[in-house]
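Predicted, not measured: the structure shown is a model, and the values here were computed from it.
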Amino acid sequence: MPNSIEVLKEISSKHGCRFLINEPLKEHTSFKIGGPCDIMIFPNSIDSLKELISEADRYMILGNGSNVLFSDNGYMGAIFVLGSDMSEISVDGEYITASAGASLARVCKTALDSSLTGLEFAYGIPGSVGGAVFMNAGAYGGEMKDVVSEVTCITHNGEIRTYQSDSLDFGYRSSHFTNSGEIIVSAKFKLLAGDKSAIKARMDELIARRKSRQPLEYPSAGSTFKRPEGTYAGLVIEESGLKGFSIGGAKVSDKHANFVINTGGATAADVMNLISHIKKTVFEKTGYQLECEVKLIEE
């Protein structure tokens with residue numbers, strides 16, 4: 001990797017991309033956990049991203065870092081962060097096009113400013129456009145599949161390809177991209193003309209509901225487990241007597257049992273041990289096999 005790092009630094013400098021060496025990943029994830037990566041680069045265009053990918057020995061794409069848990073040992077390779085340097089948003093009638101690094105919150109506010117309805121459910125989901133489409137993020141009865149019109153990505157061959165919505169294979173917390181290895185660079189949303197005051201009222205209602213029901217005051221990766229068929233993860237965790245249970249600095253939230261939170265100084269090992277304990281206990285007591293929603297990146 002050392003030779004690769006020098007090449008990546010040269011490419012970054014050529015394109016004017018920011019980069020950091022041995023950057024702690026805990027500074028770039030909502031869990032506030034994770035050791036250093038060899039090099040972290042912030043691509044500022046599709047061209048720079050394509051060239052960086054072609055020269056990286058090992059890499060990972062990171063968005064807002066809101067659904068991942070990195071190892072305490074960090075990541076041996078390059079982390080390409082699609083963030084504010086690739087976050088353009090444009091509006092054309094009832095369509096909004098957003099680069100992968102744009103936050104969902106900004107896209108929702110853009111829709112509000114343009115009196116467009118359909119994205120209210122996403123207001124408060126702490127992720128970027130790329131990550132949200134990748135996992136078909138959803139809340140309060142809505143999902144990305146309901147509003148995504150098309151998605152543009154970089155293929156394995158470094159080509160740019162656009163998929164229409166009917167080719168995206170959206171499922172519960174999954175999409176065509178979940179296992180394709182392609183990199184999302186932008187998405188187009190099809191919305192509807194609406195009443196601005198009604199849109200704002202719905203957004204305010206949902207953000208208030210989030211604040212009252214979720215432990216937003218603590219670092220976490222959002223919902224820890226996917227919803228089991230026929231019930232809710234938080235319910236079976238609570239029924240198993242695990243609300244408030246902790247290992248090290250990782251704890252099952254007292255406010256919402258499907259949130260594992262970092263109470264301060266939690267390690268990735270603490271979180272992973274707690275997740276394993278929850279899965280084992282819930283299965284023994286309820287018969288439900290919980291599936292982790294957080295992406296675990298182990299070295």
Should we count NZ of K200 as having more than 12 external heavy atoms under 6.0 Å? no

Consider only side-chain heavy atoms of I, L, V, M, F, W and Y, link residues closer than 4.5 Å, and tell whether V129 and M60 are in one cluster. no

Nearest heavy-atom neighbours spanning L290 and A233: CD2-CB, 4.2 Å

Charged N to carboxylate O below 4.0 Å: is that the case for E239 and K285? no

Got a donor-acceptor contact below 3.5 angstrom from the R213 side chain to the A208 backbone? no

Between R173 (side chain) and G138 (backbone), is there a donor-acceptor pair under 3.5 Å? yes

Spacing of CE belonging to M144 relative to CZ belonging to F121, to within rounding of 0.5 Å: 3.5 Å

Please examine the side chains of I297 and S71, heavy atoms only from C-beta on, and report whether any two atoms are closer than 4.5 Å. no

Can you tell me how far the OG atom of S175 sits from the OH atom of Y163, to the nearest 0.5 Å? 10.5 Å

How long is the gap from CD on E205 to CZ on R210, to the nearest 0.5 Å? 12.0 Å

May I ask you to check whether S99 and S186 show a side-chain donor-acceptor distance below 3.5 Å? no

Verify the neighbour count for atom CG of N179: are there more than 12 heavy atoms of other residues, nucleotides or ligands below 6.0 Å? no

Distance flag, aromatic centroids of F245 and H277, threshold under 6.0 Å: yes

Heavy-atom closest pair (G16 atom, N44 atom, distance to 0.1 Å) is O-ND2, 3.2 Å

Side chain to side chain, S149 and S165, heavy atoms closer than 4.5 Å: no

When clusters are formed by joining ILVMFWY residues with side-chain heavy atoms under 4.5 Å apart, either directly or through shared neighbours, do L62 and V133 land in the same one? no

D254 side, atom CG; F259 side, atom CZ - distance, nearest 0.5 Å: 13.5 Å

Do V151 and L104 belong to the same hydrophobic cluster, where Ile, Leu, Val, Met, Phe, Trp and Tyr are linked whenever their side-chain heavy atoms lie under 4.5 Å apart, directly or via other members? yes

Going by an N to O cut-off under 4.0 Å, is there a salt bridge joining E238 and K243? yes

Would R58 and Y75 count as a cation-pi pair here, with the cationic atom under 6.0 angstrom from the ring centre and within 45° of the axis? yes

Apply side chain to side chain contact (heavy atoms under 4.5 Å, CB included) to residues K255 and E217 and explain how you reach the verdict. CA-CA 11 Å; K255 185 181 283 188; E217 64 273 26; 3.7 Å; yes

Which distance, rounded to the nearest 0.5 Å, do you find between the CD1 of I79 and the SG of C37? 5.0 Å

When rounded to the nearest 0.5 angstrom, what is the spacing between CE in M203 and OG1 in T117? 10.0 Å

Side chain proximity check, T231 to T286, heavy atoms < 4.5 angstrom: no

I want to know whether F80 and Y59 have ring centres closer than 6.0 Å. yes

Does Y172 have more than 12 heavy atoms from other residues, nucleotides or ligands lying within 6.0 Å of its OH? yes

Could you pull out all residues at least two apart from K145 that satisfy salt bridge (Lys or Arg N to Asp or Glu O under 4.0 Å)? E143

Can you tell me if NZ on K109 sees more than 12 non-hydrogen neighbours from other groups inside 6.0 Å? no

Checking the side chain of S30 only, and the main-chain atoms of S220 only, is there a donor and an acceptor separated by less than 3.5 Å? yes

Indicate yes or no for a side-chain donor-acceptor contact from D113 to the backbone of T110 under 3.5 Å, with no hydrogens or angles considered. no

Taking the side chain as C-beta and beyond, is there a heavy-atom pair between L8 and F19 under 4.5 Å? no

Could you check if a side-chain atom of E120 sits within less than 4.5 angstrom of a side-chain atom of C108, using non-hydrogen atoms only? no

Taking E159's backbone N and O only, do any of them form a donor-acceptor pair with T155's side chain (distance below 3.5 Å, no angle check)? yes

Just to verify, which of I247, I278, N258 counts as forming a side chain to side chain contact (heavy atoms under 4.5 Å, CB included) with V252? I278

If you measure from the Lys or Arg side-chain nitrogens to the Asp or Glu carboxylate oxygens, is any gap between K190 and E150 under 4.0 Å? no

